[in-house]
Chemist: 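Attaching a single structure in structure tokens format; questions to follow.
What's counted below: heavy atoms across the whole structure, side chains too, no hydrogens, waters or symmetry copies.
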There are 2 protein chains.
Amino acid sequence: MRLDAMDVSLLTLLQREGRLTNAELAERAGLSASACHRRVRALEQAGVIDGYVALLNAEAVGRGLTVLVLVTLENQRRETMQAFETAVEQVEEVMDCYLTTGAEDYLLRLMVRDARDYERVHRERLSGLPGVARLVSNIAMRKVFTRTAMPLSAGQAGSATRKAGSGA
Amino acid sequence: MRLDAMDVSLLTLLQREGRLTNAELAERAGLSASACHRRVRALEQAGVIDGYVALLNAEAVGRGLTVLVLVTLENQRRETMQAFETAVEQVEEVMDCYLTTGAEDYLLRLMVRDARDYERVHRERLSGLPGVARLVSNIAMRKVFTRTAMPLSAGQAGSATRKAGSGA
DNA sequence: CAAAAAACGCAAGAATCTTGCGCAATATGC
DNA sequence: GCATATTGCGCAAGATTCTTGCGTTTTTTG
């Protein structure tokens with residue numbers, strides 16, 4: 001889907017405030033409510049907007065500590081990797097998992113309560129994951145910043161053409 | 001703020017579908033619309049809910065490639081770190097920045113179009129950041145999974161007691 | 001165990017969404 | 001270069017949803 005300047009405005013606003021009312025969104029973007037509504041629906045149906053979520057305060061829900069874990073597998077056979085990936089997704093403290101280039105195989109981002117909680121997760125969950133040869137844990141001493149909003153520019157297109165509609 | 005089982009239900013639902021109507025949310029949680037509405041507002045005002053955002057399809061907006069960069073500074077003087085942190089936040093391709101334990105100082109997560117685009121960002125943006133001694137780039141060959149929703153359990157409390165109300 | 005506090009559901013007025021319609025702007029074909 | 005098709009726009013009104021006052025029920029507290 002090709003995005004014009006108005007789409008970029010709408011997406012930029014919704015990336016910051018996903019619960020703007022359609023009327024408010026329209027006004028800020030300088031568009032009528034009906035046109036705005038139709039554009040947003042089109043962006044949702046084209047899969048440009050993947051969904052809407054509430055972001056919680058990590059401290060407030062007892063997950064104030066982020067830990068970044070580098071994982072090295074015993075080998076890189078397809079079955080080994082598949083088994084690891086399936087198992088790691090079951091660990092609810094793991095927020096993201098990337099297969100990476102470099103010396104290690106995977107990078108995980110975990111959110112836990114505190115160091116003591118991480119010790120528990122490491123012992124009860126991570127160390128038992130299949131195929132793991134080595135785990136290197138890097139504690140995030142401080143979150144310098146985190147974003148969910150991607151900066152956009154008009155004219156750029158991708159390959160998404162599905163008809164999804166998850167969190168609308 | 002102390003969360004009971006109903007709060008956990010509401011937060012769990014809103015973490016997945018942040019744009020549920022109040023009526024729908026209430027029904028799924030087994031609560032009247034008015035009580036539901038009041039609880040959500042309280043969670044927002046207590047800062048448990050930080051805000052609501054639209055999540056975009058990274059491919060569709062031309063940011064299909066994630067790169068994880070380990071940064072080592074020349075030294076760890078306060079001014080060096082401060083200068084780096086201020087500058088790195090200006091680089092719009094950088095989504096997260098953590099100050100970490102371990103051999104390196106910072107971990108960055110970038111979202112870019114492709115390898116060619118990353119080469120440009122590396123050359124024009126990252127290599128010029130103040131205080132940087134070494135950059136180790138790990139390309140995410142594949143996103144195994146990513147989540148924004150944290151699993152919750154009742155009774156847990158944190159330290160958030162502010163009266164924020166950003167993206168509501 | 002009684003009083004106080006907190007939370008609930010109902011219901012109605014206010015706000016918002018959603019769509020049909022006619023018009024304007026842009027794209028297409030000759 | 002111009003006629004025509006296509007796309008997108010704004011208006012307006014019926015349908016939906018939000019939001020809050022109120023009386024009742026449940027939970028907490030002394």
Side-chain angles (χ1 to χ4, degrees), chain A residues 1-49 51-54 60-61 152-158 160-161 163-168, chain B residues 1-49 51-54 60-61 152-158 160-161 163-168:
Chain A
M1 183 181 187
R2 191 150 193 92
L3 307 178
D4 66 14
M6 181 56 73
D7 290 322
V8 168
S9 295
L10 298 176
L11 292 171
T12 300
L13 287 162
L14 288 174
Q15 279 193 111
R16 297 192 164 280
E17 297 178 54
R19 241 179 142 162
L20 278 176
T21 65
N22 181 63
E24 176 76 13
L25 178 65
E27 182 176 344
R28 292 205 205 170
L31 195 63
S32 74
S34 57
C36 179
H37 185 267
R38 280 185 286 249
R39 273 180 181 263
V40 171
R41 185 173 47 195
L43 290 166
E44 289 166 357
Q45 289 180 347
V48 177
I49 296 176
Y52 301 88
V53 300
V61 297
L152 305 172
S153 54
Q156 70 195 171
T161 319
K163 301 288 184 201
S166 41
Chain B
M1 185 181 186
R2 190 148 193 93
L3 307 178
D4 66 14
M6 180 56 73
D7 291 322
V8 168
S9 294
L10 297 176
L11 291 171
T12 300
L13 287 161
L14 287 174
Q15 278 194 113
R16 298 193 163 277
E17 298 179 54
R19 234 170 153 168
L20 279 177
T21 65
N22 180 63
E24 176 77 13
L25 179 65
E27 181 176 345
R28 292 206 206 170
L31 196 63
S32 75
S34 57
C36 179
H37 185 264
R38 280 185 285 248
R39 273 180 181 262
V40 172
R41 185 174 48 194
L43 290 166
E44 288 167 356
Q45 290 182 345
V48 176
I49 296 175
Y52 301 87
V53 299
V61 297
L152 305 172
S153 54
Q156 71 195 171
T161 318
K163 301 289 182 201
S166 42

Chemist: Of the nucleotides D/dC18, C/dC8, C/dC17, which has the atom closest to the B/Asn22 side chain?
Modeler: D/dC18
Chemist: Enter the distance from A/Leu13:CG to A/Leu25:CG here, rounded to the nearest 0.5 Å.
Modeler: 5.5 Å
Chemist: Tell me whether the side-chain N/O atoms of A/His37 come closer than 4.0 Å to OP1 or OP2 in C/dC17.
Modeler: no
Chemist: Under the salt bridge (Lys or Arg N to Asp or Glu O under 4.0 Å) rule, collect the residues that match up with A/Glu27, sequence neighbours excluded.
Modeler: none
Chemist: B/Leu20 has an atom CG; how far is it from atom P of D/dT16, in whole Å?
Modeler: 18 Å
Chemist: I need the residues from residues 26-33 of chain A with at least one non-hydrogen atom less than 4.0 Å from DNA chain D; give them sorted by number, or say none.
Modeler: A/Leu31, A/Ser32
Chemist: Can you tabulate the close N/O pairs, meaning under 3.5 Å, that link protein atoms to atoms of nucleotides 20-28 of chain C?
Modeler:
none

Chemist: Choosing from D/dT20, C/dT19, C/dG9, which nucleotide comes nearest the side chain of B/Arg41?
Modeler: D/dT20
Chemist: Which parts of nucleotides 23-30 of chain D does protein reach within less than 4.0 Å, heavy atoms only, written one letter per nucleotide 5' to 3' as B for base, S for sugar-phosphate only and - for none?
Modeler: --------
Chemist: Once side-chain hydrogen bond (donor to acceptor under 3.5 Å, both in side chains) is applied, do any residues pair with A/Ser32, and if so which ones, sequence neighbours excluded?
Modeler: A/Ser34
Chemist: Looking at side-chain heavy atoms only, is the closest gap between B/Leu152 and B/Asp7 below 4.5 Å?
Modeler: no
Chemist: Taking CZ from A/Arg2 and P from D/dT7, how many angstroms apart are they, rounded to a whole number?
Modeler: 16 Å
Chemist: Over the length of the helix from C/dC1-D/dG30 to C/dC30-D/dG1, how much do the five-pair end axes diverge, rounded to 10 degrees?
Modeler: 60°
Chemist: What is the distance, rounded to the nearest whole Å, between atom CG of B/Asp7 and atom C1' of C/dA6?
Modeler: 13 Å
Chemist: What is the distance from CZ of A/Arg39 to C1' of C/dC17, rounded to the nearest Å?
Modeler: 19 Å
Chemist: Is the closest basic N to carboxylate O distance between B/Glu44 and A/Arg19 below 4.0 Å?
Modeler: no
